[in-house]
Amino acid sequence: MQVGRYSHAQRCIPFNLICQTRLCPTVAARLHNHACTVHTNTKPKQRPHAVAAQRTALATEDAHDPEDFPVQSLTNFASGQARRAAPKLPPARRLSLSLLQLSTVIALLIIGPAWLFCKCITPRVWAAAAIYTVFFGFGGMRRTLKHGKLSSRKQDAQVSTWQGRWAIATFVLLVIAGHWGALHWYGTCFKQGALHRIFCRPVIQRISVALLCGALALHIWATETLGKAYDRLVVPDKLVKTGPYAWCQHPIYTSYMLLFSGFTLLFGSEEWCCLLLYVCWRYYKSRTDMEANILQDAFGNEYKVYQEHIGKFVPKFV
């Protein structure tokens, strides 16, 4: 019997049709079993281009199948073929974006309210704007240009909750209000020709200049020490304990408090100085508590020992 040479249709003859012939039932059963065996072990040969065309058609069909799409996407993502890394911005574009953000902040905090209340930009206003430009330029802007963009906002532990978002929004609005309030007082004195109310207290003016210079130096020192670790509220790669962090746990927050205090005193507003200090203390206290929990989980006993011996915002001398 040359069953192996039969066509595909002949080899797939059902058993009941074989039994309808006049063959012996035993011979018919052997014929059916042999035909099925040959059909199973014999595979039709395909040409290479036919195999490639069939694979392409199956891949296209699977790609348009909505049920297989999640599995296919996860498989491709695991193999690194589905999603490529987003192209990095060129240095010139990153610099332009950083300068745009910096100029927006300076205009919102200083230049805009000064022009609104004084109708001109005095040398004192220009000096304050220059100090803020250096402060933020050598801080966040330099970090972004040197080490790339910060972590995603979704990874920030404070942004992940509505309470944290509300705290950030409230803090930003109160800081803006403090700057506008101090410049409003300065503009009122400027229009009335009563700037002697501000300049008649040289001690306050010297203190304000010292606070601004100290904030500038401390901020540059702290951000340079942190390097890439100067980021949002995320788990850092290492626990920094050198530089200013050998004296206090959060020197950057201290530099912000010194900056805002020096600014308000420079324009003769002790009331807004006290208000901004209180706002910064409340906000940074809650934020540092969240940071402490993150660092405690990440570094364990190392951070616990560091926390016990180093002050939070000012050095601990006792």
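This is a predicted model, so every value here is computed, not measured.
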Exercise. Run the numbers on Tyr245 and Gln249 for side chain to side chain contact (heavy atoms under 4.5 Å, CB included), then give the verdict.
Key: CA-CA 5 Å; Tyr245 290 89; Gln249 300 178 33; 5.9 Å; no
Search all heavy atoms of [X] against all heavy atoms of [Y] and return the closest pair with its distance.
{"X": "Leu174", "Y": "Leu276", "result": "O-CD2, 3.6 Å"}
{"X": "Cys189", "Y": "Arg197", "result": "SG-CD, 4.1 Å"}
{"X": "Ile252", "Y": "Ala222", "result": "CG1-CB, 3.6 Å"}
{"X": "Leu183", "Y": "Ile110", "result": "CD1-O, 3.5 Å"}
{"X": "Ala114", "Y": "Ile121", "result": "CB-CD1, 4.1 Å"}

Practice problem: Test Gln296 against Lys304 for side chain to side chain contact (heavy atoms under 4.5 Å, CB included), laying out the working first. | Solution: CA-CA 7 Å; Gln296 180 68 37; Lys304 185 177 181 181; 3.9 Å; yes
Exercise. Might you work through the side chain to side chain contact (heavy atoms under 4.5 Å, CB included) test for Tyr283 and Thr170, ending with a clear yes or no?
Key: CA-CA 9 Å; Tyr283 173 74; Thr170 305; over 6 Å; no
Is it the case that atom [atom1] in [X] sees more than 12 heavy atoms from other parts of the structure closer than 6.0 Å?
{"X": "Arg282", "atom1": "CZ", "result": "no"}
{"X": "Asp289", "atom1": "CG", "result": "yes"}
{"X": "Phe138", "atom1": "CZ", "result": "no"}

Would you compute the distance between atom [atom1] of [X] and atom [atom2] of [Y] and round it to the nearest 0.5 angstrom?
{"X": "Leu277", "Y": "Trp272", "atom1": "CG", "atom2": "CH2", "result": "13.0 Å"}
{"X": "Lys241", "Y": "Thr225", "atom1": "NZ", "atom2": "OG1", "result": "14.5 Å"}
{"X": "Tyr278", "Y": "Cys273", "atom1": "OH", "atom2": "SG", "result": "15.5 Å"}
{"X": "Cys118", "Y": "Lys191", "atom1": "SG", "atom2": "NZ", "result": "7.5 Å"}
{"X": "Phe171", "Y": "Ile176", "atom1": "CZ", "atom2": "CD1", "result": "10.5 Å"}

Exercise. Start with the C-alpha gap between Val209 and Leu265, add the side-chain angles, then the distance that decides, and say whether side chain to side chain contact (heavy atoms under 4.5 Å, CB included) holds.
Key: CA-CA 9 Å; Val209 174; Leu265 292 179; over 6 Å; no
Quiz item: Once the angle between the rings of Phe260 and His179 is folded into 0 to 90°, is it parallel (under 30°), tilted (30 to 60°) or perpendicular (over 60°)?
Solution: perpendicular
Practice problem: Give the ring-plane orientation class for His250 versus Tyr253, where under 30° counts as parallel, over 60° as perpendicular and anything between as tilted. | Solution: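 Taking Tyr253 first and then His250, their aromatic rings lie parallel (interplane angle under 30°).
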Quiz item: Have Thr122 and Tyr186 got a donor and an acceptor in their side chains that come within less than 3.5 Å?
Solution: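 Thr122 vs Tyr186: donor-acceptor pair found between side chains.
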Self-check item: Tyr256 ring center within less than 6.0 Å of His219 ring center
Solution: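 So the answer is yes for these two rings.
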Quiz prompt | Between Phe190 and Phe117, ring centroids under 6.0 Å | solution =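 Ring-ring flag for Phe190/Phe117: false, centres at least 6.0 Å apart.
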Quiz item: Does Arg201 pair with Glu270 as a salt bridge, N-O distance under 4.0 Å?
Solution: yes
Quiz item: Would you say Phe135 and Val105 are hydrophobically clustered, going by side-chain heavy atoms of ILVMFWY under 4.5 Å?
Solution: yes
